[in-house]
Amino acid sequence: MAELVIALDYPTMDAALATARALRGAANEADGAGGRLWMKVGLELFTASGPEVVARLKDMGFPVFLDLKFHDIPNTVRGAVRSAVATGADMCNIHLPGGERMCRAAVEGLAEGAAARGHGAAPILLGVTVLTSVAPGELPGGADPSAEAARLAVCGREWGLGGVVCSGYEAAGIKQRCGRDFICLTPGIRPAAPQGNGSGGDDQRRVMTPAEAVRAGSDYLVVGRPVTGVAGPDGPAEAARRILAEMRGA
């Protein structure tokens, strides 16, 4: 069953933790249905709050996706992934265009971090293919985003990664080429029906509804503003419940 990841794209830890608390009920329902509700910590929040925010979310019982998209020389990325695992993150990612040596170094860092942590399930390392904010015609040389994402996914599989970050439009083809066990995490998820504040396409371009992404084969669906932007104390939880129901229905 596909799992829902809530993007806590906030400038402060207090705001992120408030939303996480509001989503505890929806998380319990997801657990009861055989899935989990994840929290995503991205660049803005991690830069402001550091590893503490990951620890606080873990203490609340949430699995955490640390979305920092490392892209640097191999040794630096190896150490960064190792440090990401040390925070307690259950999933982290790198940019696949960093190349084979960088990606293989990241895999080594993942193993080192997991060995040092010594408990719990092995963390997941994903490779970012083409950002879902990129539209056709925006890549250098006019490359097609979906074709480039599929090409990079095959490389990621060969280089030892557990899966990729891709749009829903690429998930089925990537599964076909890389195997059903190769994880596809899909941002750019937008509910079919308006859910209040933040449910538009905004800066995303290659978007899908939750049901479409699940049917395409995505394993994890990342949703931010259509949940976090809904007004009212119960707004985010109700929005998350509707998305989870749409995912189960697919």
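Computed from heavy atoms alone, side chains included, the values below leave out hydrogens, waters and symmetry copies.
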### Message
Apply salt bridge (Lys or Arg N to Asp or Glu O under 4.0 Å) to residues K175 and D219 and explain how you reach the verdict.
### Response
CA-CA 10 Å; K175 292 282 188 178; D219 301 288; 2.6 Å; yes
[Y] backbone acceptor or donor facing [X] side chain under 3.5 Å:
X    : Y    : value
E238 : G235 : no
N93  : K69  : yes
S83  : G79  : yes

State the [atom1]-[atom2] distance between [X] and [Y], to the nearest 0.5 angstrom.
X    : Y    : atom1 : atom2 : result
I189 : S167 : CD1   : OG    : 8.5 Å
M247 : S218 : CE    : OG    : 9.0 Å
L126 : C184 : CG    : SG    : 9.5 Å
M102 : I94  : CE    : CD1   : 4.0 Å
L4   : R248 : CG    : CZ    : 10.5 Å
R190 : I243 : CZ    : CD1   : 9.0 Å

For [X] and [Y], work out which heavy atoms get closest and say how close.
X    : Y    : result
S146 : Y169 : OG-CB, 4.2 Å
P74  : A105 : O-CB, 3.4 Å
G168 : T186 : N-CG2, 3.3 Å
A48  : P11  : CB-O, 3.3 Å
A2   : V214 : CB-CG2, 3.9 Å
A149 : I174 : O-CD1, 4.2 Å

Within the structure provided, determine whether [X] and [Y] are in side-chain contact (heavy-atom separation under 4.5 Å).
X    : Y    : result
L125 : C92  : yes
N28  : L37  : no
L66  : T87  : yes
V130 : C166 : no
D90  : P123 : no
C103 : L96  : yes
K40  : I6   : no
E246 : T209 : yes

### Task
Assess whether atom CD of E100 is packed by more than 12 heavy atoms of other residues, nucleotides or ligands within 6.0 Å.
yes
### Task
Evaluate the criterion side chain to side chain contact (heavy atoms under 4.5 Å, CB included) for residue pair V154 and C178; output intermediate values, then yes/no.
CA-CA 6 Å; V154 171; C178 298; 4.1 Å; yes
Which residues pass the salt bridge (charged side-chain N to carboxylate O under 4.0 Å, His left out) test with [X], not counting sequence neighbours?
X    : result
R215 : none
E112 : R78, R82
E52  : R56

### Connected via hydrophobic side-chain network under 4.5 Å: V53 and L43
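Yes; tracing contacts between hydrophobic side chains, which count when under 4.5 Å, links both residues.
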### Task
Show your working on side chain to side chain contact (heavy atoms under 4.5 Å, CB included) between V128 and L131 and close with a plain yes or no.
CA-CA 7 Å; V128 178; L131 298 175; 3.8 Å; yes
### Query
Do any pairs count as a ring pair (Phe, Tyr, Trp, His ring centres under 6.0 Å) and have a residue in residues 40-92, sequence neighbours left out, and if so which ones?
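For residues 40-92: H71-H95.
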Any salt bridge between [X] and [Y], counting N to O under 4.0 Å?
X    : Y    : value
R225 : D9   : no
D234 : R241 : no
R151 : D144 : no

### Task
I would like to know whether V81 and V107 meet side chain to side chain contact (heavy atoms under 4.5 Å, CB included); could you show each step before the answer?
CA-CA 8 Å; V81 171; V107 172; over 6 Å; no
### Task
Apply the test side chain to side chain contact (heavy atoms under 4.5 Å, CB included) to residues V223 and V5: give CA-CA distance (whole Å), side-chain angles for both, the deciding distance (0.1 Å), then the verdict.
CA-CA 6 Å; V223 180; V5 183; over 6 Å; no
### Query
ring pair (Phe, Tyr, Trp, His ring centres under 6.0 Å) with Y220: which residues, sequence neighbours excluded?
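Y220 satisfies ring pair (Phe, Tyr, Trp, His ring centres under 6.0 Å) with W38 once adjacent residues are dropped.
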If you look only at distance, which donor and acceptor atoms sit under 3.5 Å apart when one is on a side chain in residues 13-27 and the other is two or more places apart or in another chain?
residue	atom	partner	partner atom	Å
T19	OG1	Y10	OH	2.5

